Novice: 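What follows is a single structure, and I will ask about it in a moment.
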Amino acid sequence: MSPSEPLISVPAIDDLRRDRSGHLVGRTVLDRSAKWLLPLLYLVAIGPILSLVYWISVRAVPTLSWHVLTTNPSGEAGGLYAPLMGSLAIILLATAVAVAFGFLGGLATAEYLSDRAAETVRVSANVFAGTPAIILGLFGYFALVEYLGWGPSLAAASVTLGIFMTPYVFRATDLAYASIPRHIREAAVGSGARPVQYLLRIATPIAFPQVLTGIFLAMAIGVGETAPLVLTTNQYSLPPTGLFSKAGALPLDIWGAYQNPLPGIVTAAFQSAFLLLVIVVGLNVIVRVVAVRSRRRLEGLYR
Amino acid sequence: MSGPPAGVGETVVAVEDVSVRSRDRLLLDGISIDFAARSLTAVVGPSGCGKTTFIRTLNRMTELTPGLKVRGTIRYLGQNIYAPGVNPVVVRRRMGMVFQRPTVFPMSVFENAAFGLRIVHAPEEEVDAAVTEALQRAGLWEEVRADLDGSALALSGGQQQRLCIARALAVRPRVLLLDEPTSALDPAATQRVESTLERLKEDIVLVLVTHNVGQAARISDRIAFLHSGKLVEVGATADILERPREKLTEQFITGRFE
Ligand SMILES: Nc1ncnc2c1ncn2[C@@H]1O[C@H](COP(=O)(O)OP(=O)(O)O)[C@@H](O)[C@H]1O
Ligand SMILES: [Mg+2]
């Protein structure tokens with residue numbers, strides 16, 4: 001072989017549909033089947049979810065009315081007012097708890113802790129996020145219901161659920177602040193901003209949509225979570241009136257129907273399931289809207 | 001806001017025997033140099049020689065990097081900026097900084113330029129006037145005056161860099177520190193930034209880090225040549241380019257290393 005001879009010879013084939021051995025390109029069985037195989041796989045994956053939504057909707061929607069939503073349950077004939085108000089109160093208070101701990105923790109981790117301390121906190125938060133919810137329920141039962149004597153109550157359920165939601169808010173906050181480009185901080189400080197001015201005027205407006213997204217996702221996950229509630233509150237036929245009053249919740253209705261499958265109660269369970277789906281979908285829509293709008297505003301920042 | 005103007009030639013910043021050490025080595029070694037009012041000094045040298053480290057010691061930006069230790073004295077109008085009791089935030093408001101990449105904030109053009117004024121809670125009517133003046137001095141006014149409320153992120157790279165210059169100028173600093181401000185820009189944008197800097201050196205002290213000898217030749221009055229953390233030579237631009245005293249300087253300006 002002379003030194004000028006190329007190691008790989010490329011035959012000059014000018015027919016652009018053929019590869020260098022003369023075969024037609026891009027028409028393999030796999031290529032062709034990908035066109036319909038992928039949508040099929042997608043359907044297989046999403047099918048069960050769609051059928052579940054369908055199955056719940058057909059049983060719930062015809063029985064739902066304004067009347068059902070605004071009357072309290074009584075015996076087997078179920079109104080949903082009490083569990084709906086209970087769920088809303090629990091999720092709002094739980095969100096307050098999760099934001100208080102998760103946001104401050106995430107902010108401190110991203111902005112103030114040394115790299116090594118931040119890593120330690122992150123690892124712990126991940127472990128915490130992996131804790132089965134029923135264990136948190138057990139904690140809520142022993143620490144809040146029993147030891148602090150709160151009894152099965154709005155407060156016990158909210159704090160327990162709030163602890164469950166905290167790692168999600170924590171992670172979103174930490175990531176949002178930690179991923180702000182370093183040169184943005186340098187520019188703010190180089191313009192004579194004090195650290196707190198950088199945080200309030202520059203970092204927070206950048207991080208906020210991502211934090212908000214995390215909060216709404218935590219709410220969407222939390223609102224249907226049952227395990228933290230079963231040990232810290234009970235089904236109840238009146239809406240909560242105070243922190244230490246009893247409070248029902250939509251997931252508990254579903255749980256109750258399983259234990260006591262009378263026709264009226266089963267209907268209420270399907271209605272509850274439908275409402276939960278609506279709330280979860282609604283929260284996810286909010287997340288998308290926030291994400292898209294902020295992406296538009298921050299377009300070009302991470303270039 | 002900026003006090004009585006300093007006269008031509010009066011020393012504004014005096015660097016006396018400054019060394020910077022990281023955890024494991026010496027990054028700057030005994031640098032002494034003065035910066036006079038109405039001058040543009042180009043700091044040149046091969047990459048990694050300490051240019052960025054040097055310019056960041058001038059307004060205490062080095063403090064953002066944990067583990068760097070600065071020794072020696074830097075005087076701003078006679079006051080040691082590293083003396084106890086000096087607030088680094090105030091130092092940075094008198095000595096503004098522009099970075100290698102444009103660093104606009106995700107806000108409107110106006111609010112970007114106004115940032116330094118907002119954080120000192122300048123009265124609204126002053127903000128308007130100062131922003132206009134800063135954008136004019138940065139040579140950006142004509143291009144953005146029609147859409148001051150538009151997002152700064154929508155500007156081109158060169159416009160963003162001039163907006164960063166305007167942001168620094170809006171608080172009327174006496175000194176502007178620029179760290180390779182054109183290295184991310186195309187030739188046309190570079191040329192606009194250079195003409196902006198040529199105009200600015202009529203009123204303030206400019207310290208321009210550049211690895212581009214051509215740029216130093218075009219717009220600087222004086223060149224300081226850094227090598228391995230040492231200030232090898234400093235002199236009038238023409239002298240350094242035509243009759244460097246040191247062999248290393250000559251090698252660098254004739255492009256024989258890097
Ligand atoms: N924080 C730091 N810790 C340790 N070494 C550093 C640090 N910052 C810069 N250096 C080193 O100091 C030298 C000078 O860096 P720099 O000032 O950025 O050079 P230049 O701007 O001239 O390219 C380089 O070798 C760089 O690796
Ligand atoms: Mg550099």
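Since the structure is predicted, the reported quantities are computational estimates derived from the model, not experimental observations. Computed from heavy atoms alone, side chains included, the values below leave out hydrogens, waters and symmetry copies. Residue numbers begin at 1 in each chain, while the letters A, B, ... track the order of the sequences.
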Novice: Below 4.5 Å, heavy-atom pairs only: which of B:Gln100, B:Met95, B:Met97, B:Arg93 has the largest tally toward chain A?
Specialist: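 Heavy-atom pairs under 4.5 Å are most numerous for B:Arg93.
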Novice: Answer with side chain, backbone, both or neither: which region of B:Arg56 has an atom nearer than 4.5 Å to a non-hydrogen atom of chain A?
Specialist: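 Side chain only.
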Novice: Return the option, out of B:Val90, B:Asn59, B:Val89, B:Asn87, with the maximum number of heavy-atom pairs under 4.5 Å with chain A.
Specialist: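 The answer is B:Val89.
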Novice: To the nearest 0.5 angstrom, please state how far the CZ atom of B:Phe99 sits from the NE2 atom of A:His183.
Specialist: 10.0 Å
Novice: State whether the number of non-hydrogen atoms from other residues, nucleotides or ligands found under 6.0 Å of A:Phe208 atom CZ is greater than 12.
Specialist: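 At most 12 heavy atoms, drawn from other residues, nucleotides or ligands, come within 6.0 Å of this atom.
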Novice: Check the surroundings of atom CZ in A:Arg293: do more than 12 heavy atoms from other residues, nucleotides or ligands lie under 6.0 Å from it?
Specialist: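 Atom CZ in A:Arg293 is not crowded, with 12 or fewer foreign heavy atoms closer than 6.0 Å.
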Novice: Considering only heavy atoms, which portion of B:Val98 lies under 4.5 Å from any heavy atom of chain A: side chain, backbone, both, or neither?
Specialist: neither
Novice: A side-chain contact here means heavy atoms from C-beta on lying under 4.5 Å apart; do A:Arg297 and B:Leu153 qualify?
Specialist: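 Not in contact.
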Novice: Measuring heavy-atom distances to chain B, does A:Gln197 have an atom under 4.5 Å in its side chain, in its backbone, in both, or in neither?
Specialist: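 Side chain only.
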Novice: Quick check: closest heavy atoms across A:Ile184 and B:Phe105, and the distance to 0.1 Å?
Specialist: O-CE2, 3.7 Å
Novice: Write down the atom of A:Ser191, the atom of B:Ile119, and the distance for their closest heavy-atom approach.
Specialist: O-CD1, 3.6 Å
Novice: Verify the neighbour count for atom OH of B:Tyr82: are there more than 12 heavy atoms of other residues, nucleotides or ligands below 6.0 Å?
Specialist: yes
Novice: Grab the two heavy atoms, one from B:Val104 and one from A:Leu301, that are nearest each other, plus how far apart they are.
Specialist: O-CD1, 4.2 Å
Novice: Select, from A:Ala188, A:Pro205, A:Ala187, the one with the greatest count of heavy-atom pairs under 4.5 Å involving chain B.
Specialist: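 Max contact count across the listed options: A:Ala187.
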Novice: Which atoms form the tightest heavy-atom contact between A:Arg182 and B:Leu64, and what is the distance?
Specialist: NH2-O, 3.8 Å
Novice: Please step through side-chain contact (heavy atoms from CB on, under 4.5 Å) for the pair B:Thr103 and A:Glu186, ending with a clear verdict.
Specialist: CA-CA 9 Å; B:Thr103 53; A:Glu186 300 233 310; over 6 Å; no
